[in-house]
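This report concerns only the one structure given below.
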Amino acid sequence: MKKIPALFYQRKDVLLIAKQLLGKILVTKFNKTETSGRIVEVEAYAGATDKASHAYMGRRTARNEIMYAEGGHAYVYLCYGIHHLFNVVTNYKDIPHAILVRALEPVSGIEIMLDRVGKEKLDNTLTRGPGNLSKALGIFTKHSGVSLQSDELFITDDGFRLKKDQILASPRIGVDYAGDHALLPYRFYIKGNLFVSGKPK
DNA sequence: GAGTAGATCCTCT
DNA sequence: GAGGATCTACTCA
C-alpha cells in the first residue's frame, strides 16, 4: 500500500482534508509489529481562529510547536493525564491547523491491539475514542513530530471510497469550554459505523 | 438508560 | 497552581 503523499496534507482547507481522511488506513509499525485501522471519525481544528485549538490566537509553545510545521506530521499529546490524542498536522508551514483522529475500525494486528489495551476479545471500545485508539496503536507523546512519510507511522489509501451521504457532520466532543466554537460542525464521521464514538446503534 | 464524579500528570500562567 | 481536544464506572431511576 502506498503512503498518502505529503501534498495531500499541505492544502488550505482543513475541513476538506478531514473529510477525505475518512475511510483511509492509519498504520503504525513499531518494533516490527504492524497495527492498522480505518479512520471512521475525525475532528478539524482550525488553528488561530478556533477557540478549541491549542493554537488559538496564535499561541505557540514547545508543546504545540509541531502544529506550525508543514502538513503531514503527527501531533500527539497527553490529555487529562491519562489519554494520548493523535492528530494529523495540515496546511502550510506556520499555519497551525490539525485534524484529531477520534476513532478507527481495526484492520490488522487486532490481537496486538487487544494485548496493548488488556482486552480479551474485540469489541467496539477498542479503537473508539481518541484515547483508546492511541493506546491500541501504541502511539505515545514521544511520537509527536514524527513525519507521516516515515516507516513507523503513516496513512495509506487502499482504494476505499465513501459516498457523500455516508459522511455526517456534527459538533465536536469534549470542547464545551470553547463557548460558541464548541458548536461548530467540525466533526466528521462515517454514518452507521460501529466504532464511531457516541451512542452505539 | 441517563447523568455525574473521579482518575491523574503534563503544560502553561 | 490550575486546568484540560477523555473514558470509565457507578449511582439512581
Side-chain angles (χ1 to χ4, degrees), chain A residues 9 14-15 17-19 21-22 26 37 39-69 71 73-91 95-106 113-114 116-146 148 153 155 168-189 193-201:
Chain A
Y9 309 103
V14 65
L15 298 179
I17 301 171
K19 276 185 268 194
L21 275 178
L22 289 176
L26 174 63
I39 297 170
V40 299
E41 183 181 357
V42 296
E43 284 179 10
Y45 284 85
T49 62
D50 188 342
K51 270 187 202 170
S53 169
H54 292 155
Y56 177 56
M57 294 293 284
R59 272 191 311 224
R60 186 166 186 158
T61 65
R63 178 176 70 163
N64 68 17
E65 176 66 29
I66 191 64
M67 293 181 82
Y68 289 83
H73 290 81
Y75 172 46
V76 185
Y77 99 100
L78 185 66
C79 183
Y80 292 88
I82 306 174
H83 304 290
H84 295 270
L85 275 63
F86 171 75
N87 302 252
V88 176
V89 177
T90 67
N91 216 309
I95 302 182
H97 286 191
I99 297 169
L100 170 66
V101 179
R102 290 190 52 85
L104 301 175
E105 176 183 333
M113 290 194 272
L114 289 173
R116 281 177 181 147
V117 181
K119 285 184 188 295
E120 293 289 318
K121 61 178 182 182
L122 179 64
D123 63 23
N124 67 359
T125 65
L126 178 62
T127 51
R128 190 177 71 165
N132 291 336
L133 83 85
S134 301
K135 195 173 176 187
L137 287 178
I139 296 173
F140 302 102
T141 50
K142 69 174 184 177
H143 299 117
S144 193
V146 170
L148 295 179
L153 178 59
I155 299 174
L168 298 179
S170 83
R172 291 172 295 187
I173 294 177
V175 293
D176 296 341
Y177 67 89
D180 300 346
H181 291 198
L183 301 175
L184 292 172
Y186 280 5
R187 170 173 173 253
F188 302 99
Y189 59 99
N193 190 287
L194 274 180
F195 292 90
V196 171
S197 59
K199 42 189 167 184
K201 292 181 181 173

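We name chains A, B, ... by the order of the sequence lines, and we start the count at 1 in each one. Predicted, not measured: the structure shown is a model, and the values here were computed from it.
Here the side chain of A/Leu78 is nearest to one of C/dA5, B/dT13, B/dC9, namely B/dC9. The side chain of A/Leu85 lies closest to C/dA5, out of C/dA5, B/dA7, B/dT13. Residue A/Pro130 places its side chain closer to C/dT6 than to any other of B/dA7, C/dT6, C/dA5.
Nucleic acid contact class of A/Tyr75 (heavy atoms, under 4.0 Å, all strands): base.
With rounding to the nearest 0.5 Å, the separation of OH in A/Tyr68 from OG1 in A/Thr61 is 8.0 Å. Rounded to the nearest 0.5 Å, atoms CG (A/Leu104) and CZ (A/Phe195) are 9.5 Å apart. The CG atom of A/Leu148 sits 5.5 Å away from the CG atom of A/Leu153 when rounded to the nearest 0.5 Å.
You'll find the side chain of A/Met67 reaches within 4.5 Å of the side chain of A/Ser53, heavy atoms only. In this structure, A/Leu114 and A/Glu120 have side chains that are not in contact, with every pair of non-hydrogen atoms separated by 4.5 Å or more.
In secondary-structure terms, DNA chain B builds stems of at least 3 consecutive Watson-Crick or G-U pairs, each pair having both distances under 3.5 Å, at B:1-7 with C:6-12, B:9-12 with C:1-4.
The main-chain N or O of A/Ala136 is found under 3.5 Å from a side-chain atom of A/Arg116 such that the two form a donor-acceptor pair.
Residue A/Asn132 places at least one side-chain N or O under 4.0 Å from the OP1 or OP2 atom of C/dT8. Close to C/dT6, at under 4.0 Å from its OP1 or OP2, lies a side-chain N or O of A/Arg102. OP1 or OP2 of C/dA5 sits under 4.0 Å from a side-chain N or O of A/Tyr77.
With rounding to whole Å, A/Tyr186 atom OH is found 17 Å from C/dA5 atom P. A/Arg172 places its CZ atom 15 Å from the C1' atom of C/dT6, with the value rounded to the nearest Å. Across the protein-nucleic acid pair, A/Ile82 atom CD1 and B/dT11 atom P stand 16 Å apart, rounded to whole Å. In this structure, the CZ atom of A/Arg63 is 13 Å from the C1' atom of B/dT13, given to the nearest Å. In this entry the distance linking OH of A/Tyr80 with C1' of C/dG3 reads 8 Å, nearest Å. Nucleotide B/dC9 holds its C1' atom 15 Å from the CZ atom of A/Phe140, rounded to whole Å. Between A/Lys119 atom NZ and C/dC7 atom P there is a gap of 12 Å when expressed in whole angstrom units. As rounded to whole Å, 13 Å separates atom P of C/dC7 from atom CG of A/Asn124.
A/His83 contributes no side-chain N or O that forms a donor-acceptor pair with the base of C/dA5 under 3.5 Å.
Residue ring and nucleobase are stacked for A/Tyr45 and C/dA5, with a centre distance beneath 5.5 angstrom and an angle between planes beneath 30°.
A donor atom on one side chain and an acceptor atom on the other are found under 3.5 Å apart for A/His97 and A/Asn91.
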